[in-house]
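All residue numbers refer to positions in the sequence shown, counting from 1. No hydrogens, no waters, no symmetry mates; every other heavy atom, side chains included, goes into these values.
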Amino acid sequence: MSPSLRVAAALGVLCSFPVTLDAELPSFVDRAGALGLTRIHTGGSPQKGYIVEAKGGGVAVIDFDNDGDQDLYWVNGATIAAPDQGGGNALYRNDGTQFADVGPALGASGRGWGMGATSADFDNDGDQDLYLTNLRHNTLYRNDVIQSPDGMLRFADIAGRAGVAMPRWSTGAAWADFDLDGDLDLYVANYVEFATDAIERLGAQWQGVEVFVGPRSLPAAPDVLYRNDGDEKFADVTVWARLNHPSPGYGLGVVFADGDGDGWPDLFVANDSSPNFFYRNRGDGRFTDQSLPARLAYGRGGQIQAGMGVAWGDADGDGRPDLFATHFEGEYNTLYRNEGGHYADVSAEAGLAAPSLSQVGFGTSFFDSDNDGDLDLLVANGHVYPQIDRAGSGSAYAQPDHLYENLGDGRFTLRPHTTAARVSRGAATVDYDDDGDLDLFISHLNDRPALLRNDGGNRHNWLGVKLTGTLSNRDGVGARVRLVAGDRAQFRDLLCGGSFLSSADKRLHFGLGSLSSIDTLEVHWPHRRIQRFSNIAVNRYLAIEEGTADALLDGD
């Protein structure tokens, strides 16, 4: 019996997951090529002789020019022969009907071997900046809203003088105001100490074929927490904040989220082939390692899993957001149900274990694909070993992405595949066409990305919310929005990071089904202010500014 089948049998869920054929569900159509997203990712050699060639491919949603259209940032890689040269990232400007790569013109093409991207207004000046993780020397692009002679905006790399360049192989990054001082701080996950002259090419074995040397044979690189001290300066406070783990993990997916509802952002790091980290924010600028007490360090059987991507959302509608992590072939993806202070692995009960066993999951997101009021789940799949196609494991290098429909009670069903199998990595949700349903932006190794337009998700009603902080950080990252309509309450947390090396549309999205009005909308700001609104019309984007009497405005 294969490892995948043994795990499935042990879980008691082999072949138990249903497949939905509901004709009312939306379909997803890849519009990337037609809309101009045609750049091809450079990710080393086709054989993937070194581990770095199998990583990267992050994406970010960013309205960099403040025109209301969501633009897209796509991270490119490089080659082993010229790792510092890089293939050049793309900043795709959305003009409402088409996308154009304006990265070179705006000085935002990145450098070296790119890994991930996050967009955040770190300096609270009203425009979105970019932080890019790389194989070496990360980039902090400050968005300079200064009209140049050609009428375009410019970016300036200030990572060196800001103190966040990080001369290591960095992967996931997440922004949050961990000390609630009104500006965004930055956590950077690092992966391994990597040098090709110290590693044999294709120096390991998997399923009887030669593959690259994996992380367990390499030294783990420690992560870093940067505190934003204003004036474009960051301080490394990792040790002071008690985040200097004595056994560094192979960090990939990162998310700041308030796990216990006390208003302070906690921290989860999905580690590859090493125990995950979960740190509770004490509220005094320091953290306590709760990985083991919270039951998030290992899988259900106490096994180490290969953590890749991470998603945060209320999967079962009980008001407590849950945590989801993607893993390697033979390791099921894990849904950790939030039980208040600790978590329970309910992957099998939720129908998410068995479908994932033959896949390698990377980017992931909870989102309401059909606007019915509960959160569905995206998992972007793709193996790391091209050699797997001839290994006889039952898996494949190119794999279909998975979309799980939420049945409304915390259980999920895998929808039929509608897109071609590819080698997916980063993924983000975005309503790029502003039609009220969420689309998907997914990167692929050595291939162009996919922009999957959601067709039919807006048959149901919806509401979008764009937050602007005043006392809180300007992005409103860390805010929790509670929406009550009919007999259901929904919650959304505004996060910056997560998935796999990516960051999503910051406008919070609520599906409403057939409900035509909203009874109550509450915004719980990071700075502890609560704003309440009632009798809100649906099918529109609202802009809410913290502390303003007439804060509820049309967002178009």
Side-chain angles (χ1 to χ4, degrees), residues 60-68 70-71 73 106 108 117-132 138-147 153-165 173-188 225-237 241 256-258 263-265 281 285 465-481 493-497 503-508 523-531 542-551 553 555:
V61 179
I62 174 174
D63 180 8
F64 76 90
D65 50 5
N66 286 341
D67 67 350
Q70 301 305 300
D71 311 303
Y73 197 84
L106 302 185
T118 54
S119 62
D121 185 1
F122 81 90
D123 51 5
N124 284 337
D125 68 347
D127 51 35
Q128 291 289 296
D129 311 296
L130 280 165
Y131 186 73
L132 313 178
N138 299 336
T139 302
L140 177 59
Y141 278 131
R142 184 189 62 210
N143 187 344
D144 292 335
V145 188
I146 299 172
Q147 294 297 321
L153 310 180
R154 302 291 179 186
F155 288 83
D157 181 6
I158 64 168
R161 70 171 182 267
V164 294
W175 295 88
D177 185 3
F178 82 90
D179 50 5
L180 300 189
D181 67 349
D183 53 27
L184 291 174
D185 312 295
L186 175 65
Y187 187 91
V188 181
L225 174 65
Y226 293 110
R227 185 184 64 212
N228 188 340
D229 287 342
D231 296 324
E232 299 178 354
K233 298 293 183 183
F234 290 79
D236 180 347
V237 295
F256 274 108
D258 182 6
W264 295 89
N281 192 328
V465 178
K466 184 181 185 302
L467 300 179
T468 300
T470 52
L471 295 176
S472 303
N473 68 86
R474 190 171 179 94
D475 278 342
V477 170
R480 176 167 291 180
V481 177
D493 288 337
L494 179 50
L495 310 178
C496 186
S503 63
D505 194 334
K506 290 186 181 62
R507 299 175 301 177
L508 299 176
V523 183
H524 296 246
W525 293 94
H527 206 265
R528 308 294 182 164
R529 184 191 300 264
I530 300 175
Q531 287 176 275
L542 299 179
I544 299 179
E545 183 173 291
E546 181 181 16
T548 303
D550 56 348
L553 308 170

[X]-[Y] side chain donor-acceptor pair, cut-off 3.5 Å:
| X | Y | result |
| --- | --- | --- |
| N138 | Y131 | yes |
| S472 | E546 | yes |
| Q128 | D475 | yes |

[atom1]/[X] to [atom2]/[Y] distance, rounded to the nearest 0.5 angstrom?
| X | Y | atom1 | atom2 | answer |
| --- | --- | --- | --- | --- |
| D258 | N281 | CG | CG | 8.5 Å |
| L471 | R528 | CG | CZ | 13.5 Å |
| L186 | L140 | CG | CG | 8.0 Å |
| D123 | N228 | CG | CG | 8.5 Å |

So do the side chains of [X] and [Y] get within less than 4.5 Å of each other, counting heavy atoms only?
| X | Y | answer |
| --- | --- | --- |
| T139 | L130 | no |
| L106 | F64 | yes |
| V477 | L184 | yes |
| Y141 | L132 | yes |
| R480 | L494 | no |
| V523 | I530 | no |

Requested in this report: If the plane angle is over 60° it's perpendicular, under 30° parallel, otherwise tilted; pick one for F234 and Y226.
Outcome: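 Ring orientation, 0 to 90° scale: perpendicular.
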Query raised in the report: When you look at W175 and D129, which way does the side chain to side chain contact (heavy atoms under 4.5 Å, CB included) test go after all the steps?
Result: CA-CA 12 Å; W175 295 88; D129 311 296; over 6 Å; no
Query raised in the report: Should the pair K233-D231 be classified as a salt bridge under the 4.0 Å nitrogen-to-oxygen rule?
Result: no
Query raised in the report: Who are the side chain to side chain donor-acceptor pair (under 3.5 Å) partners of W525, not counting sequence neighbours?
Result: Q531
Query raised in the report: What residues, two or more places apart in sequence or in another chain, satisfy side chain to side chain donor-acceptor pair (under 3.5 Å) together with Y73?
Result: N89
Query - Working for side chain to side chain contact (heavy atoms under 4.5 Å, CB included), residues F122 and I158 - result: CA-CA 12 Å; F122 81 90; I158 64 168; 3.6 Å; yes
Requested in this report: Determine the minimum heavy-atom distance between N124 and G182, stating which atoms define it.
Outcome: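 Taking every non-hydrogen atom into account, ND2-O, 2.9 Å.
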Report summary line: Heavy-atom closest pair (A60 atom, S119 atom, distance to 0.1 Å) is CB-N, 4.4 Å
Which residues share a salt bridge (charged side-chain N to carboxylate O under 4.0 Å, His left out) with [X], sequence neighbours left out:
| X | answer |
| --- | --- |
| R142 | D144, E232 |
| D183 | none |
| D157 | R111 |
| D229 | R227 |

**Report entry** Residue pair V481, H524: steps toward the side chain to side chain contact (heavy atoms under 4.5 Å, CB included) verdict
**Finding:** CA-CA 6 Å; V481 177; H524 296 246; over 6 Å; no
**Report entry** Donor-acceptor pair, side chain of D493 and main chain of L495, under 3.5 angstrom
**Finding:**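 A pair under 3.5 Å: no.
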Query raised in the report: Taking the side chain from D177 and the backbone from D181, do they hold a donor-acceptor pair closer than 3.5 Å?
Result: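 Indeed, once roles are kept as given, a pair shorter than 3.5 Å links the two residues.
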Query raised in the report: Can you list the steps and then say if I544 with K466 is a side chain to side chain contact (heavy atoms under 4.5 Å, CB included)?
Result: CA-CA 6 Å; I544 299 179; K466 184 181 185 302; over 6 Å; no
